[in-house]
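Step one of this worksheet: look at the structure below.
For the single chain, residues carry numbers from 1 onward in sequence order.
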Amino acid sequence: MRVALFLTCVNDALHPGTGRAVVGLLSRLGVDVDFPAAQTCCGQPQYNTGYRRQAEPLARRFAEVFGGYDAVVTPSGSCAAMVRELYPRMGERARAEGRGDGLALAVAPVVPKTYELTEFLVDVLGVTDVGAYYPHTVTYHPTCHGLRGLGLADRPYRLLRAVRGLRLVELPGAEECCGFGGTFAVKNADVSAAMGADKVRHAASTGADALCAADNSCLLHLGGMIRRMGAGVRPVHIAEILASTAQEARA
């Protein structure tokens with residue numbers, strides 16, 4: 001299987017450690033991972049802000065860069081949802097506007113083989129115990145795109161429950177949005193901040209050491225709220241938990 005890592009803009013710029021964690025984790029499971037250097041943004045910021053035609057070249061670029069792989073794995077539910085849900089919609093819209101089938105045909109091969117990390121682990125590799133060790137109390141926030149767009153359901157929970165040393169505690173109001181929503185946080189800053197504060201208060205109430213999610217964009221938003229509120233919990237991407245081992249803990 002030829003597998004490519006789609007790192008995403010947020011991770012490339014602000015959380016490169018998450019990408020390293022994905023490669024380390026998959027390599028430990030016997031998967032050879034490529035990182036195509038030509039990859040760029042998936043187009044989600046443009047599309048969600050209303051610049052949908054401007055997002056089309058990025059969709060074509062994604063299809064060109066990742067078309068030759070058997071699977072594309074990303075540590076981002078929102079970017080996976082962009083490819084799986086919205087690329088086909090973009091292609092249909094271009095066709096409906098009389099601009100031909102080119103976009104729809106270009107993106108069609110990559111749509112079904114693009115996976116969020118926990119989907120790939122559980123559905124493709126068929127594993128829930130990845131050999132991880134993380135001796136901390138963790139609460140999990142199911143992000144909107146993962147929960148509603150991709151339907152990740154209990155996949156992240158099954159992976160976390162199999163981590164040695166980890167105590168998983170329920171997050172009150174888990175299915176409520178954290179308030180980030182990309183440009184929503186800019187256009188509706190007060191509402192966004194209030195939603196983020198609610199999520200942080202809920203996380204702190206669990207007594208967890210770490211607030212875990214599968215999207216660093218949400219964790220970036222919540223991390224800022226955590227620092228401002230002085231909450232005693234740290235944001236951590238699920239890939240970094242799953243990549244952790246007992247050997248690293250002893251080092």
Are the side chain of [X] and the backbone of [Y] linked by a donor-acceptor contact shorter than 3.5 Å?
X: K113; Y: G67; result: yes
X: K199; Y: G173; result: yes
X: Y140; Y: I238; result: no
X: E92; Y: R89; result: no
X: R2; Y: G68; result: yes
X: H15; Y: G17; result: no
X: S205; Y: H202; result: yes
X: T114; Y: V110; result: yes

Requested in this report: May I have all residue pairs that pass salt bridge (Lys or Arg N to Asp or Glu O under 4.0 Å) and include part of residues 204-224, sequence neighbours excluded?
Outcome: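 Listed once each, the pairs would be none.
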
Query - Candidate pair L168 and Y157, rule side chain to side chain contact (heavy atoms under 4.5 Å, CB included), full reasoning - result: CA-CA 8 Å; L168 185 62; Y157 295 98; 3.9 Å; yes

Heavy atoms only: give me the nearest [X]-[Y] pair and the separation to one decimal.
X: C177; Y: M195; answer: CB-CE, 3.6 Å
X: C212; Y: V138; answer: CB-CG1, 3.6 Å
X: G149; Y: E85; answer: O-OE2, 3.6 Å
X: F66; Y: L5; answer: CE2-O, 3.9 Å
X: S27; Y: V23; answer: OG-O, 2.7 Å
X: G196; Y: H221; answer: CA-NE2, 3.8 Å

How about [X] and [Y]: do any of their side-chain heavy atoms sit closer than 4.5 Å?
X: F6; Y: P36; value: no
X: N11; Y: T74; value: no
X: V124; Y: M1; value: yes
X: F35; Y: L7; value: yes
X: M90; Y: R52; value: no
X: V3; Y: D32; value: no
X: L159; Y: V130; value: yes
X: H145; Y: Q44; value: yes

I need the [X] [atom1] to [Y] [atom2] distance, nearest 0.5 Å.
X: L29; Y: L242; atom1: CG; atom2: CG; value: 9.5 Å
X: C144; Y: F180; atom1: SG; atom2: CZ; value: 11.5 Å
X: C42; Y: Y87; atom1: SG; atom2: OH; value: 5.0 Å
X: Y134; Y: L166; atom1: OH; atom2: CG; value: 8.0 Å
X: T49; Y: K187; atom1: OG1; atom2: NZ; value: 5.5 Å
X: D154; Y: T128; atom1: CG; atom2: OG1; value: 10.0 Å

Going only through I, L, V, M, F, W and Y residues with side-chain contacts under 4.5 Å, is there a path from [X] to [Y]?
X: L150; Y: L86; result: no
X: L121; Y: L160; result: yes
X: F62; Y: V65; result: yes
X: L26; Y: V122; result: yes
X: V72; Y: Y115; result: no

Under the side-chain contact (heavy atoms from CB on, under 4.5 Å) test, residues paired with [X] that sit two or more places apart:
X: V233; result: L211, I226, A231
X: V169; result: T137, T139, R167, T206, A208
X: T40; result: L58, R61

Report task. Using side chain to side chain donor-acceptor pair (under 3.5 Å) as the criterion, list what pairs up with R155, not counting sequence neighbours. Result ->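 Per chain and number, R155 pairs via side chain to side chain donor-acceptor pair (under 3.5 Å) with D123.
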
**Report entry** Over 12 non-hydrogen atoms of neighbours within 6.0 angstrom of CD in Q54
**Finding:**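 More than 12 within 6.0 Å, yes.
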
Query - Within 6.0 Å of CZ in R228, more than 12 heavy atoms from elsewhere - result: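 No, because the 6.0 Å sphere around CZ of R228 holds 12 heavy atoms or fewer from other groups.
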
Query raised in the report: For V33 and V22, what are the C-alpha separation, side-chain angles and deciding distance, and is it a side chain to side chain contact (heavy atoms under 4.5 Å, CB included)?
Result: CA-CA 9 Å; V33 186; V22 173; 5.8 Å; no

Query - Sequence neighbours excluded - side chain to side chain donor-acceptor pair (under 3.5 Å) pairs with any residue from residues 99-111 - result: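 Every side chain to side chain donor-acceptor pair (under 3.5 Å) pair that includes a residue of residues 99-111, provided the two are not neighbours, is E56-R99, R95-D101, E97-R99.
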
Query raised in the report: Going by atom types only, do E240 and T18 share a side-chain donor-acceptor pair under 3.5 Å?
Result: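 A donor-acceptor contact under 3.5 Å links the two side chains.
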
Query - Flag for S78-S76: side-chain donor and acceptor within less than 3.5 Å - result: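 A pair is found: one side chain offers a donor N or O, the other an acceptor, under 3.5 Å apart.
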
Report task. Could you walk me through whether L222 and V200 pass the side chain to side chain contact (heavy atoms under 4.5 Å, CB included) test, one step at a time? Result -> CA-CA 7 Å; L222 293 173; V200 170; 4.1 Å; yes

**Report entry** Working for side chain to side chain contact (heavy atoms under 4.5 Å, CB included), residues R53 and Q46
**Finding:** CA-CA 9 Å; R53 289 281 290 271; Q46 295 86 346; over 6 Å; no

Query - Charged N-O contact under 4.0 Å between E116 and R84 - result: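 Judged by the 4.0 Å cut-off on N to carboxylate O distance, E116 and R84 do not form a salt bridge.
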
